[in-house]
Structure formats: C-alpha cells, structure tokens
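The next block holds one structure in the form of structure tokens; read it before the comments.
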2 protein chains.
Amino acid sequence: MSVLKKIEAKLEIMAPGDREIGQYIVDNPDQMLRLSTAALAAEIGRSQSSVVKFSQKLGYGSYQELKLAVSEAKSQEWQVPAGMIHGSIEVGDSYLVILRKLIGSKLLSMQQTVAANNEQDIGKALEMLNRARRIHLAGVGASSLVARDFSYKLMKLGRNVLHDSDSHVQMANVSTLGPDDVLFALSYSGASIETLRIAELARKRGTTVVAVTGLHDNPLSRVADIRLHTIADEERARSSSITARDAQLTLTDLLFILLVQKQPDANEYVHNSEVAVSVLKADRSS
Amino acid sequence: MSVLKKIEAKLEIMAPGDREIGQYIVDNPDQMLRLSTAALAAEIGRSQSSVVKFSQKLGYGSYQELKLAVSEAKSQEWQVPAGMIHGSIEVGDSYLVILRKLIGSKLLSMQQTVAANNEQDIGKALEMLNRARRIHLAGVGASSLVARDFSYKLMKLGRNVLHDSDSHVQMANVSTLGPDDVLFALSYSGASIETLRIAELARKRGTTVVAVTGLHDNPLSRVADIRLHTIADEERARSSSITARDAQLTLTDLLFILLVQKQPDANEYVHNSEVAVSVLKADRSS
DNA sequence: TCACAGCCGGAATAATTTATTCCTTTGCTT
DNA sequence: AAGCAAAGGAATAAATTATTCCGGCTGTGA
C-alpha cells in the first residue's frame with residue numbers, strides 16, 4: 001500500500017502532533033522529500049524529534065526510509081497517462097471532458113486499488129479461496145452485483161460457490177458453513193449491517209473471513225481474518241458509487257486471474273463453460 | 001533526461017574513481033538509495049568524500065538530491081509511457097506483470113468503447129432514455145449484472161425502470177411496453193437468443209430499442225433503433241469476459257452521468273437515495 | 001630535465017542531520 | 001488522589017554529509 005494512503009488512513013487515530021506531521025506529508029509530499037527532519041518540524045511548528053518518532057511509528061527504520069517510501073508512492077500515482085483528468089464532473093462540462101474525467105477516475109481507482117493491496121495479502125486470500133471447500137460471497141446493494149459477477153467466474157473454474165442477492169438467504173447459507181469454508185465479504189463502507197452480521201456469524205462458525213472494504217477503519221474489516229482494500233473517489237460524490245464498484249471489480253478480477261494461473265486445468269474449465277453457454281446462444285429455435 | 005542515463009552517458013569521460021561510483025549507481029540504483037555516502041564508498045572501495053564530490057560534479061547540491069533524482073528516475077522507468085502492456089496474460093507472468101496487463105486491458109477497452117460511439121448516437125440514446133415513460137433493461141448472464149447496475153442508478157434518478165435477471169420475466173414485462181417506453185438491451189455478442197427475442201417483441205410493440213453490442217454485425221444490433229457499441233479484448237480469451245463487462249459498464253456509467261447533467265434536480269434525488277440507504281446501514285439494531 | 005600548474009583522490013575535520021535519552025505535562029484509570 | 005501511560009519537547013549522542021587540506025601523479029613549457 002502506498003505510504004500516503006497509509007498515513008491518510010491512520011490520520012484519525014493519531015495523536016494531534018503526529019496528525020499534523022502526517023497531514024503535512026500527505027498534502028506536500030514533494031516538499032517533504034527535500035526537507036530535513038528539523039526543517040519539516042519547523043515548517044509545522046513541532047520538534048525535530050517528533051518527526052523522527054513519527055517515521056518510526058509508521059514502521060520505518062529511519063526518516064530516510066520514510067522519504068524513500070514517499071518518493072515511491074508519489075511515482076505510483078503519476079502513472080495516470082497524460083490527458084486524463086480526475087477532477088469531479090461538473091454540470092457545465094462538455095461531452096469530451098466528461099469522457100476524460102470518467103475514464104480518468106475509473107483508472108485512478110483501479111490503480112490505487114491494486115496499489116493498496118500488497119502481494120502478501122492477495123496471496124493469502126488466494127490461498128484461502130483456492131483451498132476452500134465452499135466459497136460464500138456476501139454483499140448487498142451494488143456489492144451484491146460484484147459478488148455475483150465473481151461467483152460466475154469462480155463457477156467457471158469449477159468451484160463450489162454460494163451467493164444470493166437476498167441477505168436473509170445469505171445468512172441462512174452461512175449457517176451451514178464450517179472451518180473448511182471461506183466467506184468473501186464485500187462492502188465499501190464496511191458498515192453494511194447485513195454483511196457485517198453475516199461475517200460475524202461466519203467467524204463464530206470458524207469460517208475464514210476475507211473482507212474487501214475501503215481503507216478507513218470499519219467494523220467489517222475488524223472481524224475479518226484477511227483484509228483487502230478498495231479505493232474509490234470519495235470526494236466526487238457523483239462518481240463515487242461508480243468507482244467503488246470498479247475498484248471491487250478490479251480486485252475480484254485480479255483474484256480470478258491469479259486463481260486461473262494457479263489452476264492447471266483452468267483453461268479447460270473456462271473453455272467448457274464457454275462452449276456450454278454458446279450452445280445456448282446458438283439455439284435459435286427456442 | 002533521467003539521471004541514470006545522464007550518468008551512463010558521462011561515464012567514459014569521468015575520472016576512474018568517479019566512473020566506478022557512477023557505474024555502481026547505474027547498476028544498482030536500488031541499493032544506492034539505501035546507502036549513505038560512507039557505505040557506498042565502502043562498497044566500491046573508495047573514500048566517502050569522493051562520493052560527495054561525485055554528486056556535486058553532476059550538478060546536484062547534495063548527495064540527498066542525487067538520491068532523489070535517482071529515485072525519480074527509477075520510477076519513471078516503471079511507467080511505460082502511455083503506460084500499459086496490452087499483451088495477453090500468460091501462465092508464467094509475475095504478479096506485477098499481471099497487474100499491469102489487467103489494468104492495461106481494462107483501460108484499453110474503456111477507451112476504445114468511448115471512441116466507438118459518437119456523440120450523436122449517445123445523444124439520441126440519452127434523449128430516448130430521458131423521455132421514456134418506462135425503461136426496460138434486457139440482458140442475460142454477465143450482461144444482466146450490468147443491466148441491474150444501470151437500473152439501480154436510474155432508480156436513483158427517480159426513473160421508472162424494469163429489470164429482472166430471469167429472461168422469462170423480462171419477456172413478460174416487455175409485453176406490457178408501448179411506444180412511449182424504451183428497451184435498453186445489452187449483449188456483447190448480440191446473439192443471446194433471449195435478449196434478441198425480447199428486442200424483437202419490443203420492436204413489434206412500437207417500443208424504441210437501444211442495443212448495446214460489440215462492433216461486429218449481429219442480430220440484436222439489426223433490430224435496434226439506436227445502436228451503441230462496446231469493445232472488448234476478444235483475442236485475450238482469459239480476460240474477454242472481464243473487458244466486455246467493463247466496456248458495458250463504461251457505457252452505462254457514461255449515460256448515467258450525462259443523464260445527471262440533464263436533470264436539474266438529480267443531485268437531490270441521488271442525495272435522498274443515499275440518505276435512505278445510510279439509514280439502513282446505521283440501523284444496528286436489526 | 002626541471003619547475004609548476006592542475007587535478008585526482010584520500011584523510012581529517014567541520015557542519016549538519018538524524019536518533020536517542022530523559023524529563024515534564026496531561027489525561028486516564030484505579 | 002496516586003499511579004500509569006502516552007505525548008511531546010529539550011538536550012544530547014550518533015550518524016551522515018560537506019569541506020578543507022594535502023600528497024601524489026601527469027602533462028607542459030622553458
């Protein structure tokens with residue numbers, strides 16, 4: 001995960017002094033890279049030692065390491081191709097501007113989402129999904145659509161998958177899960193009460209819980225065994241539900257592809273399922 | 001020009017000592033970033049001061065600045081200009097390569113999709129959707145998920161929308177449509193027999209049919225009044241269903257945003273619907 | 001061949017930056 | 001109210017970086 005995101009996420013739970021430092025870094029990563037601890041401290045009116053301690057609390061061995069991480073993070077964000085705009089979409093915008101902004105913010109959320117999850121966590125989730133006897137997918141509203149999309153893909157690989165858009169049915173299904181199963185729960189806010197209850201129940205039954213939520217602290221994430229994250233354009237109200245969904249899809253697509261890589265006979269499964277569907281399509285007589 | 005290139009170019013005309021330092025940096029930029037002047041000097045058996053002087057000779061005020069430049073240069077190499085790799089995903093690919101290819105092909109399909117539809121056609125579709133008494137969304141399989149996603153968004157705007165994932169129910173619904181209504185039909189192949197039949201029936205009843213299909217000639221497109229197109233990465237079998245869905249979503253998202261632009265009270269509707277949902281979320285007692 | 005100017009490069013040292021220690025304050029718990 | 005833990009700053013230690021100084025080597029011109 002990018003340091004800047006990490007700092008931003010932790011900002012709320014930091015001590016006031018650390019928050020000021022973190023805020024400054026998030027707001028001015030460029031300046032920060034050129035400042036010494038003392039200079040940075042002076043900039044925001046705190047002591048030099050606080051800056052050093054801040055770096056250490058974040059898990060970096062030294063201030064220099066923090067700088068390196070910031071520099072790397074900054075470069076990752078720059079990957080948006082030139083011409084992309086990710087401002088919010090305004091009423092007066094022309095067709096072309098809207099197009100660019102839409103694609104720009106979609107791209108941004110996809111990139112930030114893959115950056116927000118490190119390979120280890122993805123790997124753990126993958127391992128769980130791969131070994132699971134059954135996979136239950138939980139999610140309501142828009143997340144339910146993502147869950148269903150993912151369930152179709154998993155079925156193509158011959159996995160045992162459960163999902164229903166009705167949360168009561170989901171709850172009933174969960175009550176049949178056991179320790180060999182996995183619950184994959186999606187909720188951007190991490191606060192959807194139905195999904196949360198389902199995750200809690202699964203946890204109680206010894207089922208491994210993989211949660212896909214936003215980066216902020218949230219109840220669903222707290223009950224999970226494995227935490228994955230999606231990043232959406234929260235500020236831009238008008239596109240937020242779009243990018244939150246895109247972020248979830250990016251993550252589930254990634255998991256699907258990685259599963260395919262792991263499964264030697266995946267192509268055969270996928271191929272067979274596609275043949276089966278195309279038989280349906282070709283059947284013009286029905 | 002990137003520092004590394006610059007160093008490489010000057011390597012020949014440098015004094016032997018400087019050349020050694022430069023070579024090391026070019027060869028191991030990653031290590032260099034974590035080494036102090038003294039450590040770097042020790043690594044190649046030279047004096048610490050030589051390293052400092054090396055930085056200065058290159059025009060950087062300090063060793064730290066050189067480090068920053070190297071870090072930046074390294075990150076630039078990462079972002080393959082225009083950014084992405086569009087190759088298909090292979091079994092041996094590393095995690096990072098998969099990430100890039102996935103996002104690359106998603107981006108490509110989004111860009112090609114918006115390019116494949118001219119503003120006039122989009123405008124006509126928009127006009128139809130805007131005026132429609134009722135909007136029926138048709139689609140099966142993965143397209144049904146896109147249809148449902150779109151239906152949620154339209155409902156947020158207070159529109160009259162019909163969609164059911166069961167094609168028989170869709171068919172039944174269509175038989176209640178009239179000339180003031182619009183059928184919005186999604187099918188990448190344009191050959192899904194259920195969706196096609198639904199479109200034909202709608203046509204017969206005088207309902208305007210908007211079809212969203214691939215660019216190839218196809219039956220669904222032929223019966224439609226307004227044709228919109230999605231472009232997916234067909235060659236790449238493994239990601240085709242992913243990009244086809246992304247393309248459809250890009251198009252429906254675009255239509256949604258344009259509808260919002262047209263509807264003066266849209267924000268209020270969207271806001272109200274979001275408030276309603278958040279009330280559900282906050283209700284921890286259920 | 002013999003100054004001598006120029007530079008390369010290292011040792012020593014100065015200056016700066018970073019890390020640690022220690023101590024006071026503050027707010028919370030018991 | 002006493003005890004405790006965390007926050008945060010001052011002082012100081014440790015490290016890193018920058019500068020100075022000096023010996024040695026090389027090419028040049030008398």
Side-chain angles (χ1 to χ4, degrees), chain A residues 3 6-73 217, chain B residues 3 6-74:
Chain A
V3 218
K6 192 159 131 194
I7 294 176
E8 213 167 353
K10 286 193 182 174
L11 227 46
E12 301 166 11
I13 57 167
M14 282 179 176
D18 284 346
R19 179 156 30 203
E20 264 186 89
I21 298 171
Q23 189 70 56
Y24 183 87
I25 295 176
V26 170
D27 292 344
N28 318 286
D30 272 311
Q31 281 89 313
M32 176 270 187
L33 287 175
R34 309 186 175 273
L35 294 173
S36 69
T37 51
L40 173 53
E43 200 71 25
I44 53 181
R46 307 246 134 202
S47 76
Q48 177 262 337
S49 56
S50 305
V51 175
V52 174
K53 285 170 190 166
F54 176 86
S55 316
Q56 294 169 337
K57 279 180 204 163
L58 276 174
Y60 296 96
S62 71
Y63 178 63
Q64 291 301 331
E65 270 189 49
L66 173 62
K67 271 191 173 181
L68 274 175
V70 168
S71 166
E72 208 163 294
D217 180 53
Chain B
V3 218
K6 193 159 127 192
I7 293 176
E8 214 167 353
K10 287 193 181 176
L11 227 45
E12 302 165 6
I13 57 165
M14 280 178 176
D18 284 346
R19 180 156 27 200
E20 263 186 273
I21 298 172
Q23 190 68 57
Y24 183 87
I25 294 176
V26 170
D27 292 343
N28 316 286
D30 270 313
Q31 281 88 314
M32 177 269 187
L33 287 175
R34 305 181 181 278
L35 294 173
S36 69
T37 52
L40 173 54
E43 200 70 25
I44 54 183
R46 306 247 130 202
S47 76
Q48 177 262 336
S49 56
S50 308
V51 176
V52 174
K53 285 170 190 165
F54 176 86
S55 316
Q56 293 169 338
K57 280 179 205 164
L58 276 174
Y60 296 97
S62 72
Y63 178 62
Q64 290 302 331
E65 271 190 47
L66 173 62
K67 270 191 174 181
L68 267 144
V70 169
S71 168
E72 210 163 290
K74 210 171 57 75

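Here is how names work: the chains are called A, B, and so on, in the same order as the sequence lines, proteins then strands, and each is numbered from 1.
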Subject >> Euclidean distance, atom NZ of residue Lys67(B) to atom C1' of dT18(C) [Å, nearest integer] >> reply: 12 Å
**OP:** Nearest whole angstrom, please: distance from the C1' of dT18(C) to the CE of Met32(A).
**Re:** 13 Å
Subject >> Inter- and intrachain pairs under salt bridge (charged side-chain N to carboxylate O under 4.0 Å, His left out), touching residues 45-62 of chain A, at least two apart >> reply: Asp18(A)-Lys57(A), Glu20(A)-Arg46(A)
**OP:** Using heavy atoms and a sub-4.0 Å distance, could you list which residues of residues 48-57 of chain B are near DNA chain D? By number, please.
**Re:** Gln48(B), Ser49(B), Val52(B), Lys53(B), Gln56(B)
Subject >> Any residue meeting side-chain hydrogen bond (donor to acceptor under 3.5 Å, both in side chains) with Gln48(B), in chain and number order, not counting sequence neighbours >> reply: Thr37(B)
Subject >> Listed partners of Ser49(B) passing side-chain hydrogen bond (donor to acceptor under 3.5 Å, both in side chains), at least two apart >> reply: Ser47(B)
Original post:
Mind checking what makes side chain to side chain contact (heavy atoms under 4.5 Å, CB included) contact with Ala42(A), not counting sequence neighbours?
Top reply: none
Original post:
In chain order, what residues pass the side chain to side chain contact (heavy atoms under 4.5 Å, CB included) check against Leu68(A), with sequence neighbours excluded?
Top reply: Leu33(B), Arg34(B)
Subject >> Interface limits on DNA chain D, where chain A has a heavy atom under 4.0 Å of a nucleotide atom >> reply: dA7(D) to dA10(D)
Original post:
By salt bridge (Lys or Arg N to Asp or Glu O under 4.0 Å), which residues pair with Asp27(A), not counting sequence neighbours?
Top reply: none
Original post:
Taking for each residue the nucleotide of DNA chain D with the nearest heavy atom, is it Gln64(B) or Gly45(A) whose nucleotide lies nearer the 5' end?
Top reply: Gly45(A)
Subject >> Point-to-point distance, once rounded to the nearest 0.5 Å, from CD1 of Ile25(A) to CD1 of Ile7(A) >> reply: 5.0 Å
Original post:
dG9(C) P sits how many Å from Ile21(B) CD1, rounded?
Top reply: 8 Å
Original post:
Within the side chain of Lys67(A), is there an N or O that forms a donor-acceptor pair under 3.5 Å with the backbone of Ser62(A)?
Top reply: no
